[in-house]
> 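The structure follows.
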Amino acid sequence: MNEMIKPKDYKTDIKPIWCPGCGDFATLSALTKTLAFMQLKKEQVSIISGIGCSSRLPAYIDSYGFHGVHGRALALASGLKAARPTQTVIAVGGDGDGFSIGGNHFMHACRRNMDITYIVMDNHVYGMTKGQPSPTTEPDWVSKLTPHGSGIRPFQPLAIALSSGAGFVARGFAGDPSGLAKLIFEGLRHQGFSFIQVLSPCPTFRPEQKLWKQQVQPWPFDTTDDPVLAASRIHADEGLTTGLIYQRELPVWQPGAEASDTLENIEQGFLV
Amino acid sequence: MNEMIKPKDYKTDIKPIWCPGCGDFATLSALTKTLAFMQLKKEQVSIISGIGCSSRLPAYIDSYGFHGVHGRALALASGLKAARPTQTVIAVGGDGDGFSIGGNHFMHACRRNMDITYIVMDNHVYGMTKGQPSPTTEPDWVSKLTPHGSGIRPFQPLAIALSSGAGFVARGFAGDPSGLAKLIFEGLRHQGFSFIQVLSPCPTFRPEQKLWKQQVQPWPFDTTDDPVLAASRIHADEGLTTGLIYQRELPVWQPGAEASDTLENIEQGFLV
Amino acid sequence: MRPTRNENPKSEHKNKVKHLKKKHSISVAITGAGGSGAVTTGLMLLDAMSRAGFYGYMSRSAGPQIRGGESAVMMRFASQPVFNTDDRFDVLLAMDWHKVERFADEIPLDSQSLIVCDENAGEIPAPLLQNGAVCRALPLSKTAKSIEGGRANMLGLGVLAILLGLTEQAMQQAVRATLGKKGDKVVADAIAGIERGMQFVVAGTQDLRLQPKSTAQKRWNISGNEACGLGALRGGVRFVAAYPITPASDILEWMAPNLEKLGGSLLQAEDELASINMIIGGSFGGVPSMTATSGPGLSLMVEGLGLAVTSETPVVVMNVMRGGPSTGIPTKSEQSDLNLALYGLHGDAPHLVLAPLNILDCVFTSEWSVSLSEQLQAVAIVLSDQSLGQSRLVTDPPDYAGFNTRRVVADASTQHYQRYQLTENAVSAMAIPGTPGTTYTADGLEHDERGTPSSMAADHQQQMAKRSRKLAAFDYGQHWAHVDGQGGIALITWGSSSAVCQEVAERLRDSGMQTRVVALRLLMPLNVQALQGLIKDCTSIVVVEQNMSGQLFHYLHAEQAIPARAVSYARPGPLPLRPGDIVEFIIAGVQADE
Amino acid sequence: MRPTRNENPKSEHKNKVKHLKKKHSISVAITGAGGSGAVTTGLMLLDAMSRAGFYGYMSRSAGPQIRGGESAVMMRFASQPVFNTDDRFDVLLAMDWHKVERFADEIPLDSQSLIVCDENAGEIPAPLLQNGAVCRALPLSKTAKSIEGGRANMLGLGVLAILLGLTEQAMQQAVRATLGKKGDKVVADAIAGIERGMQFVVAGTQDLRLQPKSTAQKRWNISGNEACGLGALRGGVRFVAAYPITPASDILEWMAPNLEKLGGSLLQAEDELASINMIIGGSFGGVPSMTATSGPGLSLMVEGLGLAVTSETPVVVMNVMRGGPSTGIPTKSEQSDLNLALYGLHGDAPHLVLAPLNILDCVFTSEWSVSLSEQLQAVAIVLSDQSLGQSRLVTDPPDYAGFNTRRVVADASTQHYQRYQLTENAVSAMAIPGTPGTTYTADGLEHDERGTPSSMAADHQQQMAKRSRKLAAFDYGQHWAHVDGQGGIALITWGSSSAVCQEVAERLRDSGMQTRVVALRLLMPLNVQALQGLIKDCTSIVVVEQNMSGQLFHYLHAEQAIPARAVSYARPGPLPLRPGDIVEFIIAGVQADE
Ligand SMILES: Cc1ncc(C[n+]2csc(CCOP(=O)(O)OP(=O)(O)O)c2C)c(N)n1
Ligand SMILES: Cc1ncc(C[n+]2csc(CCOP(=O)(O)OP(=O)(O)O)c2C)c(N)n1
Ligand code: SF4
Ligand code: SF4
Ligand SMILES: [Mg+2]
Ligand SMILES: [Mg+2]
């Protein structure tokens, strides 16, 4: 137990269902690297997800985990953190899971600001259901379901996180795993809700995302703690930059005081 | 039929369930005034709501209406608008309905940008269920359910609307019914999704909101069509200013092309 | 139907309904417009009666207005425990006639009934008088104006006090208990008003005084929603996530401060999808967890419940039923969510469904539900309803059930931990995050014993059988139903209809008809064999419930638990089931058979 | 069980199972790792067989990998229509042995079976050989490498073509139809490969050639999901809002472009809560509207469905079932959402539940569902499943049903329009927004005839009775079930199990046992009387379905539609029901009775 934990110690023997070249592999290894770097014991960590290719991740890490239902990872993670504050709680999933069906929990988790790190592997598509547009998909991307493209402007995860009150807003890229590991490390260290959007290519349904390797640039500013500044920067950004954009200490919501009374006493209240 | 329609022509004989002094009366009359001003025929208008005190409004206006389930007004309104583009579709409701349980539809309706006007009567409380904090409630407001206050920073409706891609973002006040009517008029004229947050006091559960009369100020800037500028202004705002904050023409999503083929032809596709 | 009879069979069934002896009790209703203080008056009367040694039950009804609308309280008092409303009311105290017709169905009056009202209130609405009730108009408001801080409702309360034989002392105590927080002046004014009211002489009516059962024991004054909350705390619940909804919110509002006192917590969720998944998270974290909701909210939890079933995460959902379908009638009672609770999950998803049998039983059933859920790592849906949840009872304090609630937990030393291991009782040890050596990933996908996702037929069948067997093979003991009486007539019922059925049985027995009541507390899994045994010799079998389609009746047939000759007595809300109507229905069936 | 027998009763039941004559058909399976082209090969074979005048059925199975995982196609061909898989396979073409054990259960082989495989693929996994299948290893990949653009799967297809007696011409046409879009080179290479494959001589096996039924009529090649989409368009659906989910997404993907061609539209919703409420909005707007989903999505729609029931807004939900509960087994079939579809609404909420009986019937049932929903202003849930939806059929084109789908619409002249007016058939005229003089507000709150919210008992009972009566009193004609054969044995079934039951009945009849099949298309409301009439003289009654708990069996008991002696044959997914197993079960029951 006193030995150093190595990234591979967090590996399970379950073979990922992911396609060759899927960006999600990078998040998996960035995560195990970071956990090892922080020497977090397996049993201290819980990884919670919804449904999607990306949401399969918990089974591939040897820690506690919950592969829940589509869109509800953050709700489950919040309940777990409320009930068991000592766990390091990490929620993971995809853009469909987090921004489409799970969009409401995303906003409210940002506001509530529990100490949870949320990693969204964003491939701008529904991978698991075989290629429909997600909220982050470009309006002119053609699929069977949208023969002329969705025609709808993409969801802006960072802007929503900031507007919802998150205190840690970052974007990483699967093509830069060590940069990603660093962001995850900062996220895990941050007290409160940390949101990390990971550009995670889906070579199967979005082969054009292989170009991200060339297109992705570092975020051109230093991290700010000013939400007004962050808002204008994020609103002007085009989506393919990576870095820690905004970080600010905000009140963390965590219930769980010591017991101060007994049930017997409480029951006295019913006596006439 | 050629006579002028007056505000009172839109009144039904159903007595509102609202408490005396409830801010929602102002939205009701601002709405009938605007409809009359625009000379919209009763049958051209559909008013769609969820559940809450404020969501009872459709029954009090003599037009088409749907009092749906909690949080789903925008979904229902979107389906109606998609299927029957000729209707003037207005969605109404409360802060709980729109920002708590309905938060996801709010974001996605903003992005989708159908030609719908959405009016939220925001009283920073759940009125109908007798006084629990809503997303817009101050963190230190004490209720039976939250004996020390919710401890959670308020939801920012305008910031979320803007970040979600709405092209019309405004705030009105029940204490200024003619200003409100003007905003509703602008919202109805705007092509695309228009969001109007109405500060609508709940004297029953939030008697302190009577002070709004003194506190509410006009928005200190002109309307902008620059989202970056709007974002920084909104992020710096404290919530008690009213005006049309941001307006921009954006692509409106409205399906419904003319038929171009017959079912018989389509069926030919199955022939071996 | 052929009910078995006692020693002294009577042949004149025709008149039996009328001659049935009834429980000796007094029923009082109080109505008034918003601000008239009808509800406060009722609460004070309930308190005073309990101090005087009586038992009582109080339910409420209100118009659609959020505040300032008309409201009514319906109360019943007796020398023995009383859990439901009677067929009729002895006294109606009407503060005014504002929209009182709305309550006419809820407050049946007859020629023995007395209406006390204000002489300035105007014409009495005809529906109240049609069955011959006697009316006494008194100068309540006029007199109230003449005394300092006088309020008409306190004078009315004084009149009721005299009619019911309450002492000034009892009234003073009640005022202090109810209004004490508002200061001495308010208390003194109220007492002055009541005492003035007690001076009115209301002549020409029957004696409404009950014999108090002498008892040293202290009484509790508790609502069903509070009782559900208390039972949950007794069962060990320490985490609640929920979204407000009528008529369940009071459970949450009672629990919020009390959970905190016990080191637990309550999280107000953004919606019901969040609340169910939050408690799954809390329970996965090792803390017994619960939510409370009503029909529309339960509908939204269905997907989450399936996740809890498949991942074997124990959770308890208190569903306080109201009139359905859809938004329906949110403020009124109905037992119509049974179908949803039993069958509303996709796939074959075994779980527990329970229902408290009366307000007091909410404590027990709620505690037992938590206990079962934890022991079986199962979903437990508890079906209370508005008539239990928002009504108050003056009762003897509940016994301690003291269940062993602990779930089977894996300890750190476990080798090759398998979360879903097959065991003799099909319950597998559950590892709590933080425990070394037992990491696993819970899953809503079908999985093998270890928890690894699998789509193989063999794993699917194995794990489905496991999840079903752990519930089917468990020994639920005697608590699955409350049974009393002997056959002849069998009444099978559930939840809030149970108290009414008890009273029906008492009346039938008093008239010489043997009657057995089987009030089901554990609806799923159903104890089919025991139920069949209990009814097999009964000549008539009636299934009683408060919904339109006979949901329990159909469920009992689905399980082949009742024979073809069983009949259904199913009435929708919002009016309460009345014992007299059911007695009449049964007697008519008996007569038809003769 | 005592089945009635035909003229020539046989007494040796013991051996009857084996001697039962089977439908003459050929079953072929093709397996391979990702990229091996197993699925394309299957699709081409299906096309070629249909061009040769045969009927065919093709289902698919795949491992958990999103892309590049192992997959299998299971096909059956015959000279008459064929709708389901057989007990066993005649030929397995295995491109490789990658994880093929995973499919061993799905592809039963016996001593009559032939395995064709690549000689370089290595050792044959033992489970495939255990029942004595004969194996022929051919140099498929080696030979493929020797010809330009050659692919082993095309050579394998050539071998199958020879075995099944297909001509080169049929193969060429199939290649052009399937690969035409990919260009001439691809087509030519494929043809070359197939023709090379057809030169292999595979000796020592039974004759696998079918007699083609000479028919001039053109065949359709259609999947169940496409058929559901087509039926909906035929029924008049012009608005769809939905959220993708396996195995329902193909319905949406087929409908999206076709709706547009017909002037309709499809809206991809943010979640299922949105999609159900969107179609309520669309239907309120006067356009027949539908969504498609699977178990987890249906769970999320439950609250919205209640709203549609109470507001009387017609909507159709196609639910393509998969293995449950929870996320379960998303890619495999099971009939386990029946409970949820029947009972999963809070309150008493009458609605329609239907199920297509086979892939072709998806067209009819889907059209009929839209028609009923529109006429009755009701919710219709249609229960298809993965085995229908994602399988393909080569079949005769469906007839036009041509229902009168129009809903009763209020016209502009209506005076004092009452949206929920009581009428003789309990259906009220629905005003479409835009119509003058008939404005109203639809509501999920209980309401009166006009639509004004009401919590009065009288209104509640009136409107609940109305909503129930409009469904109960309607004349559904003969379509409620597909019935054939005479009693003796009665098989009651529903949905995708119907085709299997038809085959079971054919086999039983061929062995002299009279058998009746009642395949329920309309599950709710259930035609209890007609069903009772159809089975009353049957000596054995077996309820067949693909789920674990016997959901239909319990439902039929709930409705008192079947007698106590009925037995349940319920098996969960993911393996398909096999006609031989059911025959064996029935014969065993018969023997036990003798
Ligand atoms: C309630 C529900 N609706 C729909 C689905 C089907 N579904 C599974 S994954 C998914 C989307 C996955 O997209 P994303 O979250 O972006 O993950 P990815 O596969 O791209 O990593 C959907 C729609 C489901 N499982 N549950
Ligand atoms: C699914 C569901 N959950 C909860 C409720 C209970 N409920 C009714 S209204 C309401 C909140 C209303 O708050 P808001 O939207 O702010 O409206 P207000 O009454 O303040 O105008 C809630 C929680 C419900 N009707 N349905
Ligand atoms: S489909 Fe896309 S997201 Fe899914 S595993 Fe394959 S590459 Fe990754
Ligand atoms: S409770 Fe508040 S929001 Fe509701 S009607 Fe009364 S004042 Fe208005
Ligand atoms: Mg994705
Ligand atoms: Mg509000």
Side-chain angles (χ1 to χ4, degrees), chain A residues 14-22 24 49-56 59 66-72 95-106 123 125-135 137 139 141-152 155 202-205 207, chain D residues 33-35 62-70 98-99 225-226 229 240-261 265-275 292-301 320 322 324-328 330-331 390:
Chain A
I14 302 177
K15 183 178 172 232
I17 61 155
W18 296 324
C19 309
C22 178
D24 299 348
S49 70
I51 299 289
C53 296
S54 39
S55 293
R56 291 288 197 125
F66 209 127
H67 182 220
V69 289
H70 191 37
R72 316 295 166 206
D95 41 329
D97 191 73
F99 308 145
S100 193
I101 192 167
N104 202 33
H105 311 304
F106 179 42
N123 54 10
V125 76
Y126 289 2
M128 175 132 277
T129 49
K130 311 220 186 272
Q132 299 82 17
S134 89
T137 301
W141 183 72
V142 167
S143 72
K144 284 192 203 165
L145 197 61
T146 51
H148 318 290
S150 73
I152 299 169
F155 184 90
C202 171
T204 298
F205 296 109
Chain D
Q65 255 56 28
I66 306 293
R67 182 152 284 190
E70 59 283 6
H98 180 70
K99 300 233 171 122
N225 277 341
E226 291 165 352
V240 173
Y243 189 71
I245 188 167
T246 307
S249 308
D250 329 323
I251 297 185
L252 308 169
E253 292 178 337
W254 184 84
M255 289 188 89
N258 290 312
L259 268 169
E260 204 183 284
K261 287 183 196 156
S265 60
L266 181 142
L267 199 172
Q268 184 183 335
E270 54 270 31
D271 58 24
E272 288 88 351
L273 304 156
S275 46
T293 190
S294 187
L298 184 61
S299 293
L300 292 174
M301 292 183 187
V320 187
R322 59 193 224 182
S326 195
T327 313
T331 54
Q390 297 194 319

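Numbered from 1 within each chain, the chains take letters A, B, ... in sequence-line order.
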> Quick one: what part of A:F205 sits under 4.5 Å from any heavy atom of chain D, side chain, backbone, both or neither?
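It is the side chain, since no backbone atom gets that close.
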> Do you see a donor-acceptor pair shorter than 3.5 Å between the side chains of D:S249 and A:Y126?
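Note: D:S249 and A:Y126 side chains miss the donor-acceptor criterion.
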> Does any backbone or side-chain atom of D:L266 lie under 4.5 Å from a heavy atom of chain A? Answer side chain, backbone, both or neither.
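For D:L266, the contact with chain A is made by the side chain alone.
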> Non-hydrogen atoms of chain D under 4.5 Å away: do they reach the side chain of A:L145, the backbone, both or neither?
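A:L145 touches chain D through backbone and side-chain heavy atoms alike.
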> A:G96, A:C19, A:S134: which one forms the most heavy-atom pairs within less than 4.5 Å of chain D?
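Highest number of heavy-atom pairs under 4.5 Å: A:C19.
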> Is there a donor in the side chain of D:E253 and an acceptor in the side chain of A:Q132, or the other way round, less than 3.5 Å apart?
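Looking only at side-chain atoms, A:Q132 and D:E253 do form a donor-acceptor pair, the distance falling under 3.5 Å.
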> At a heavy-atom separation under 4.5 Å, does D:S326 approach chain A through its side chain, its backbone, both, or neither?
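Side chain only.
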> Go through the atoms of D:I245 and report whether side chain, backbone, both or neither lie under 4.5 Å from a heavy atom of chain A.
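Backbone of D:I245 only, per the 4.5 Å heavy-atom cut-off to chain A.
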> What are the two closest heavy atoms between D:L252 and D:P244, and how far apart are they?
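Smallest heavy-atom distance, with atoms named: CD1-CA, 4.4 Å.
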> Sequence neighbours excluded, which residues qualify as ring pair (Phe, Tyr, Trp, His ring centres under 6.0 Å) partners of A:H70?
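In terms of ring pair (Phe, Tyr, Trp, His ring centres under 6.0 Å), with neighbours along the sequence ignored, A:H70 is linked to D:Y243.
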> Taking salt bridge (charged side-chain N to carboxylate O under 4.0 Å, His left out) as the test, write out the residues that go with D:E272, two or more places apart.
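Once residues adjacent in sequence are excluded, D:E272 has no partner under the salt bridge (charged side-chain N to carboxylate O under 4.0 Å, His left out) criterion.
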> Please look at D:P296 and chain A and tell me whether the side chain, the backbone, both or neither of the residue comes under 4.5 angstrom of a heavy atom of that chain.
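Contact with chain A involves no heavy atom of D:P296 at all.
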> Taking all non-hydrogen atoms of both residues into account, name the closest pair between A:C53 and A:G127 and its distance.
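Here A:C53 and A:G127 meet closest at SG-C, 3.7 Å.
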> Would you mind telling me which of A:M128, A:H148, A:K130 has the largest number of heavy-atom pairs within less than 4.5 Å of chain D?
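Winner by heavy-atom pair count: A:H148.
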> Select one option (side chain, backbone, both, neither) describing which atoms of A:P133 are under 4.5 Å from chain D's heavy atoms.
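Both the backbone and the side chain of A:P133 come within 4.5 Å of chain D.
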> Within the side chain of D:S299, is there an N or O that forms a donor-acceptor pair under 3.5 Å with the backbone of D:G295?
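Flag set: sc D:S299 to bb D:G295 pair under 3.5 Å.
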